There are 2 protein chains.
Amino acid sequence: MTQKPLEKALPFYLQIQHEIKERIWQGEYKPGDRLFEAQLAKQFSISRSPVREAIRTLINEGLLSMNEKSQITVYKPTLKDVKDIYGCRIALESAAVALAAERATVAEIAELGSIIAGTEAAIEKNGKEEIVKWNTKFHEKIILISDNKRLKKLVDELQSLIYYYRLLNIEGEERGAIILKGHKEIFKAISERNPEKAAQCLMEHTKEDLKNLIHLIEGKEEIK
Amino acid sequence: MTQKPLEKALPFYLQIQHEIKERIWQGEYKPGDRLFEAQLAKQFSISRSPVREAIRTLINEGLLSMNEKSQITVYKPTLKDVKDIYGCRIALESAAVALAAERATVAEIAELGSIIAGTEAAIEKNGKEEIVKWNTKFHEKIILISDNKRLKKLVDELQSLIYYYRLLNIEGEERGAIILKGHKEIFKAISERNPEKAAQCLMEHTKEDLKNLIHLIEGKEEIK
DNA sequence: ATCCTGTCGGCTGTCGACACCTTAAATTTT
DNA sequence: AAAATTTAAGGTGTCGACAGCCGACAGGAT
């Protein structure tokens, strides 16, 4: 009789890591903000060691950056950076969708279908938060179907770098509808088992996204 | 077990990081080998803190891995892993080469040409080490031309994960020639400013590489 | 002999302290 | 008053120590 293993509290350095990431995503720490080991340690009432480790990991993931003088700041994407990241995402995700179109099981295709249904419902209600959630789900599902963990990790990391803009991207009246249209095309191509077409659709869909995003960013003048 | 003296210039944790990476690449630490913080610290005559940091970073880069019990081992790629990694590389590098074909300057194309010349010379001399070096240079140059730092970082990391096999891949009589042929085709496509063709060539070239690599790995039965 | 259980040693997670570097403020010098 | 030099403060890099967890081993009970 197997006994469920007792849960062990996560080590501090992991908890801190998640907490800092959360704060960045929530906008509590803004791009360019400087962070201090000692200060964080005091805040969390722990020593600097776990804080240091957490920071190191986040630097590796790209969410924090360290200059020559070892000063830590919150990652601040430039416009070129956003474009570069999207370039990578397009490359990786279009490869993923091509794989998905080849190897998706009937059940998996059905799941994708229900995600699209969910998106439609969210658009009806005009729940922007929710639309974003379904949108994310759709892309994640495709990567899952492609069954390539390495690919998933890379996309996840890229995604988290521009998490700030996730919500931005459904500003504008028709964004939800446009995104849905793109997803439907991709879905169709997968259903038809047409890898090239699926990749093509996704590429256009994502480029469209990027274009919109750039437009919004330039409008806001928040990054140059 | 004397240690070559550590330079004072870089912080310890960086030196250790490089040293460990080097040892993995040199085969001193083999896939699956376990590493111990305290032991390494003693070897380098420093405390555990910098060692810990170095290990953390290498874990993030994927060269080391940590199990549930926090034990550190050298990354051991599975066959599926190698395939996945190549899948990512193909996606990223073919995107890179397409960009390169669009925006390469005349000077850059010339540089690529001289790299190919270097490869030919190396093949003449049958210098396997050297062939590998030129091969790497060719791929790196393309990525540089594509002018996408993010892409470069991702490819570099993937590359380092299977660094073990860099030499493996030119085993076999005609490998050098085959690789060269692939490079020439890619080069031609870039010269013609044909992104699609360039991407197509690179994809086939890399798939060919993977196929050969899998063959060799399966022959050696070193990883399953 | 087999099975428990208490003990020991090894290893990681965390801590507090200190040395050192950089930057900015304060003081002296011309 | 401006420039140069010293001093102070704030932060990072490194250290040695300790606690908790885990596996190995040994000795006693069945």
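Values in this document were obtained by computation on a predicted structure and should not be read as measured data. So that the names make sense, note that chain A is the first sequence line, chain B the second, and so on, each numbered from 1.
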Distance-only check: which donor-acceptor pairs under 3.5 Å involve side-chain atoms of residues 39-51 of chain A, not counting sequence neighbours?
{"from": "A:Ser47", "atom 1": "OG", "to": "A:Ser49", "atom 2": "N", "distance (Å)": "3.4"}
{"from": "A:Arg48", "atom 1": "NE", "to": "A:Glu37", "atom 2": "OE1", "distance (Å)": "3.0"}
{"from": "A:Arg48", "atom 1": "NH2", "to": "A:Glu37", "atom 2": "OE1", "distance (Å)": "2.9"}

Sugar-phosphate atoms are those with a prime plus P, OP1 and OP2; base atoms are the rest. Using that split, label each nucleotide of nucleotides 8-22 of chain C B, S or - for protein heavy atoms under 4.0 Å, 5' to 3'. ---SBBBB-B----S
Output side-chain donor-acceptor pairs under 3.5 Å for residues 58-66 of chain B, partner residues at least two apart or in another chain, one line each.
{"from": "B:Asn60", "atom 1": "ND2", "to": "B:Arg56", "atom 2": "O", "distance (Å)": "3.2"}
{"from": "B:Glu61", "atom 1": "OE1", "to": "B:Lys21", "atom 2": "NZ", "distance (Å)": "3.2"}
{"from": "B:Ser65", "atom 1": "OG", "to": "B:Thr73", "atom 2": "OG1", "distance (Å)": "3.4"}

How many whole angstroms separate atom CD of B:Gln15 from atom C1' of D:dT14? 13 Å
Not counting sequence neighbours, which residues clear salt bridge (charged side-chain N to carboxylate O under 4.0 Å, His left out) with A:Lys69? List them please. none
Please list, chain by chain and in numerical order, all residues satisfying side chain to side chain contact (heavy atoms under 4.5 Å, CB included) with A:Lys133, sequence neighbours excluded. none
Just how far, in rounded Å, is C1' of D:dT12 from CD of A:Glu68? 14 Å
Quick one: which residue pairs count as a salt bridge (charged side-chain N to carboxylate O under 4.0 Å, His left out) with a foot in residues 92-102 of chain A, not counting sequence neighbours? A:Arg89-A:Glu93
